[in-house]
Student: 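Before I ask anything, let me first share the structure, which is written out below as structure tokens.
First listed ligand is number 1; within each ligand, the first listed atom is number 1. Residue numbers run from 1 in the order of the sequence given.
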Amino acid sequence: MKDIMTAPFLVEMIRTCTNMYNHGWDERNGGNISLMLDESEVAEYGDVKRVLRTIPTGFKAPSLDGKYFLVTGTGKYFKNVQYEPAVNLGLVKIADGGENAQLLWGFTDGGKFTSEFPAHMMSHAARLTVNPSNRVIMHCHPTNLLAMTYVHTLDEKAFTRTLWQMCTECIVVFPDGVNVLPWMLCGTNEIGEATAEKMKTARLVVWAQHGLYGAGVDLDEAFGLIETAEKAAEIYMKIAHLPLVNTITDEQMHLLEGRFSVKAREGYLS
Ligand code: 2HA
Ligand code: ZN
């Protein structure tokens, strides 16, 4: 049996947490990540049938029954994941229709998964219905996107169009756009259900005055999506108070659709 500390999924998770911390998106205990793993991936690293603890989740997610997730811990700092992965991360198997998570590795100080576990698991279930290859849900507090939610309308079409107009690459990277939730109490099943509903039509969901959720087939894709949207928001925050002289027109967006074989969200371009 191989040492889990050498597992590519664990190494990549640690690197991603460190990278996100270094971007300033995950101050203190801000942000959380869940990465779905295949049983065959997990089986290489120790006896996955040994349940260390069973942790109630407080929600149901029947479609995730039996699925494995590497997930960041509640109250834990992304800054510290690289130094103590086994304290700050946990590997769980979802059981009993989603009502319990069986801890197989990690959370060695008696901790448990992120307070945003409902939003993560419900979003996984939602994304899997759209794309069976989805593996990652990622939440963080990117500075400029957060700032943007204070000064820009939260209308999803308008928000998406503004981001698309800020960098040429945006419509190529997220042609599905961004969905937006108004301010809601975080850590609840309600915000989890609302996020999951929004995840059915876009891989990026803004939580106004809080942060952002991204989904992807791997950590790189989810990170890259957030990185691109945050870059666009940064440009917006640099120019929003200045007279706008140029932009990317809808006609140019259509040229990008053709060149990169993407289709912009229905009804978002004229
Ligand atoms: O886990 O980011 O939304 C800390 C958070 C809560
Ligand atoms: Zn948060």
Student: What is the minimum heavy-atom distance between Glu156 and Val180, and which atoms define it?
Tutor: OE2-N, 2.9 Å

Student: Relative to the heavy atoms of Glu116, which atoms of ligand 1 are at a distance of less than 4.0 Å?
Tutor: 3 (O), 6 (C)

Student: Please check if the side chain of Glu230 supplies one atom and the backbone of Asn144 the other of a donor-acceptor pair under 3.5 Å.
Tutor: yes

Student: What are the two closest non-hydrogen atoms of Leu219 and Met138, and how far apart are they?
Tutor: O-CE, 3.8 Å

Student: Within ligand 1, which atoms have a heavy atom of Asn32 less than 4.0 Å away?
Tutor: 1 (O), 2 (O), 4 (C), 5 (C)

Student: Return yes when at least one N/O/S atom of His139 is nearer than 2.8 Å to the Zn ion (ligand 2), and no when none is.
Tutor: yes

Student: Return yes when atom OH of Tyr21 has more than 12 non-hydrogen atoms of other residues, nucleotides or ligands closer than 6.0 Å, and no otherwise.
Tutor: no

Student: By number and element, which atoms of ligand 1 are closer than 4.0 Å to a non-hydrogen atom of His139?
Tutor: 2 (O), 3 (O)

Student: Any chance CZ of Arg53 has more than 12 other-residue heavy atoms, nucleotides or ligands included, within less than 6.0 Å?
Tutor: yes

Student: Quick check: does Cys140 put an N/O/S atom under 2.8 Å from the Zn ion (ligand 2)?
Tutor: no

Student: Which atom names give the shortest non-hydrogen contact between Asp218 and Glu221, and what distance separates them?
Tutor: OD1-N, 2.8 Å

Student: With nothing but distance in play, are any N or O atoms of Trp207 less than 3.5 Å from an N or O of ligand 1?
Tutor: no

Student: Would you mind finding which of Thr114, Thr72, Thr74, Asn29 brings a heavy atom closest to atom 4 (C) of ligand 1?
Tutor: Asn29

Student: Side chain or backbone, does Gly31 bring an N or O within less than 3.5 Å of an N or O on ligand 1?
Tutor: yes

